[in-house]
Amino acid sequence: FKDIDFGTMATSSSASPGDVSIPAQVTPVGPTTTSQNLKVGDMVSGFAVGSPYGPRQMKHSDFHAGIDIDTPVGTYVGFTEDAEILYCGLYRGYGYLIDAWLPNARIQLRLAHLSEILVNKGDKIPAETSVGRTGGEEGHPGSGTSTGPHLHLEADSVRGRAGNRGNGYGGEFDPSPYVKYIILSR
């Protein structure tokens with residue numbers, strides 16, 4: 001890893017676009033529930049929400065400022081829209097994360113607890129391209145404070161702003177309406 005300008009975050013090496021181990025295009029495994037407030041069991045790209053946005057007792061907080069989507073470790077993650085990678089690397093309790101700005105949707109999405117990052121800061125990523133792989137398995141360096149396999153998702157309306165809850169963590173609002181921009185693929 002090499003240092004970048006976001007606290008203790010570091011970049012990850014990126015695979016080349018032609019690497020055969022990375023799918024050139026990701027497609028959803030299944031349907032996504034359309035809702036302003038997802039709940040446990042609702043679906044995102046064919047995978048169940050394990051923990052919704054809102055009050056939740058955790059070691060470090062009593063509010064979960066994102067959505068956890070239960071996925072097997074190694075599930076590919078992409079976006080339905082073109083994206084610009086603002087930050088990527090290892091960051092505190094998030095473990096490996098990617099902050100991506102989707103200019104057409106005018107939303108920044110944070111993907112956390114990844115097992116692998118497949119992009120670099122500054123990359124312009126076409127829609128339906130894999131950017132990383134889900135993780136969260138306890139003990140993996142990319143898992144951060146996660147205790148089980150999942151993808152953590154947060155949303156912010158301001159490009160480049162992240163972790164705006166005063167402690168460096170948490171999205172601006174419930175990301176439920178924005179899960180339509182996430183693709184999870186095996």
Side-chain angles (χ1 to χ4, degrees), residues 1-28 32 44-45 47 65-69 71 73-136 140-144 146 150-165 168-173 175 177-185:
F1 291 112
K2 56 187 176 184
D3 291 330
I4 61 172
D5 63 349
F6 189 71
T8 59
M9 195 178 291
T11 61
S12 172
S13 62
S14 174
S16 65
D19 187 333
V20 294
S21 66
I22 301 169
Q25 187 175 36
V26 290
T27 56
T32 294
V44 177
S45 199
F47 294 94
I67 291 174
D68 291 345
I69 305 160
T71 64
V73 171
T75 302
Y76 288 98
V77 185
F79 302 108
T80 61
E81 303 274 336
D82 293 350
E84 177 187 354
I85 306 305
L86 302 178
Y87 305 106
C88 59
L90 186 62
Y91 187 66
R92 303 190 321 187
Y94 287 113
Y96 291 161
L97 74 79
I98 296 172
D99 283 337
W101 175 250
L102 282 59
N104 291 336
R106 306 212 40 81
I107 194 75
Q108 180 173 311
L109 297 178
R110 171 169 277 183
L111 311 174
H113 306 314
L114 301 170
S115 63
E116 188 175 5
I117 295 171
L118 304 174
V119 293
N120 288 300
K121 180 180 174 184
D123 286 353
K124 304 272 196 280
I125 306 298
E128 301 177 348
T129 302
S130 181
V131 296
R133 298 179 83 174
T134 64
H140 184 279
S143 296
S146 174
H150 71 277
L151 174 69
H152 177 80
L153 174 69
E154 295 176 5
D156 201 300
S157 64
V158 177
R159 183 187 183 281
R161 180 174 68 183
N164 67 22
R165 294 204 168 266
Y169 291 96
E172 178 182 6
F173 40 68
Y178 305 100
V179 297
K180 64 185 175 187
Y181 298 117
I182 298 293
I183 299 172
L184 297 166
S185 179

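This structure is a prediction, so every number in the text was calculated from the model and none was measured.
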* Which heavy atom in Ala83 sits nearest to a heavy atom in Leu102, and how many Å separate them? -> CB-CD1, 4.0 Å
* What distance separates Ile182 CD1 from Phe79 CZ, expressed to the nearest 0.5 Å? -> 5.0 Å
* Between atom NZ of Lys180 and atom CD of Glu81, what is the distance when rounded to the nearest 0.5 Å? -> 8.5 Å
* Asked: What's the shortest heavy-atom distance between Glu154 and Gly66, and which atoms?
  -> CG-CA, 4.0 Å
* Asked: When rounded to the nearest 0.5 angstrom, what is the spacing between CG in Leu111 and CG in Leu153?
  -> 6.5 Å
* Check the pair Leu109 / Ile98 against side-chain contact (heavy atoms from CB on, under 4.5 Å), numbers first and verdict last. => CA-CA 8 Å; Leu109 297 178; Ile98 296 172; over 6 Å; no
* Any donor and acceptor pair, going by atom type alone, linking the side chain of Gln108 with main-chain N or O of Arg161 inside 3.5 Å? -> yes
* Asked: Is there a side-chain contact between Ile183 and Thr80, using heavy atoms and a 4.5 Å cut-off?
  -> yes
* To do: Go through Tyr76 and Leu118 one step at a time and tell me if the side-chain contact (heavy atoms from CB on, under 4.5 Å) criterion holds.
  => CA-CA 10 Å; Tyr76 288 98; Leu118 304 174; 4.2 Å; yes
* How about Ile117 and Val119: do any of their side-chain heavy atoms sit closer than 4.5 Å? -> yes
* Go through the steps to decide whether Asp156 and Ile107 satisfy the test side-chain contact (heavy atoms from CB on, under 4.5 Å), and finish with yes or no. => CA-CA 6 Å; Asp156 201 300; Ile107 194 75; 5.9 Å; no
* To do: Drop me the distance from Cys88's SG to Asp123's CG, to the nearest 0.5 angstrom.
  => 7.5 Å
* Asked: Should the ring pair His152 and His150 be called parallel, tilted or perpendicular, given that the plane angle runs from 0 to 90° and is split at 30 and 60?
  -> perpendicular
* Thr134 side chain vs Thr75 backbone, donor-acceptor pair below 3.5 Å -> yes
* Verify, without hydrogens or angle tests, whether His113 (side chain) and Tyr96 (backbone) share a donor-acceptor contact under 3.5 angstrom. => no
* Asked: At their closest point, which heavy atom of Gly160 faces which heavy atom of Leu86, and how far apart are they?
  -> N-CD1, 3.5 Å
* Asked: Ala155 and Tyr178: which non-hydrogen atoms are nearest, and at how many Å?
  -> CB-CD1, 4.0 Å
* Asked: Is the side chain of Glu116 donor-acceptor paired with the backbone N or O of Arg133 at a distance under 3.5 Å, no angle test?
  -> no
* To do: Hey, could you give me the OG1/CG distance between Thr32 and Leu184, rounded to the nearest 0.5 Å?
  => 8.0 Å
* Indicate yes or no for a side-chain donor-acceptor contact from Ser130 to the backbone of Gly78 under 3.5 Å, with no hydrogens or angles considered. => no
* Atom pair CZ (Arg159) and CZ (Arg106), whose distance is rounded to the nearest 0.5 Å -> 10.0 Å
* To do: For the pair Arg110 and Leu97, evaluate side-chain contact (heavy atoms from CB on, under 4.5 Å) and give the outcome as yes or no after the intermediate values.
  => CA-CA 7 Å; Arg110 171 169 277 183; Leu97 74 79; 4.0 Å; yes
* Donor-acceptor pair, Asp82 side chain versus Pro126 backbone, under 3.5 Å? -> no
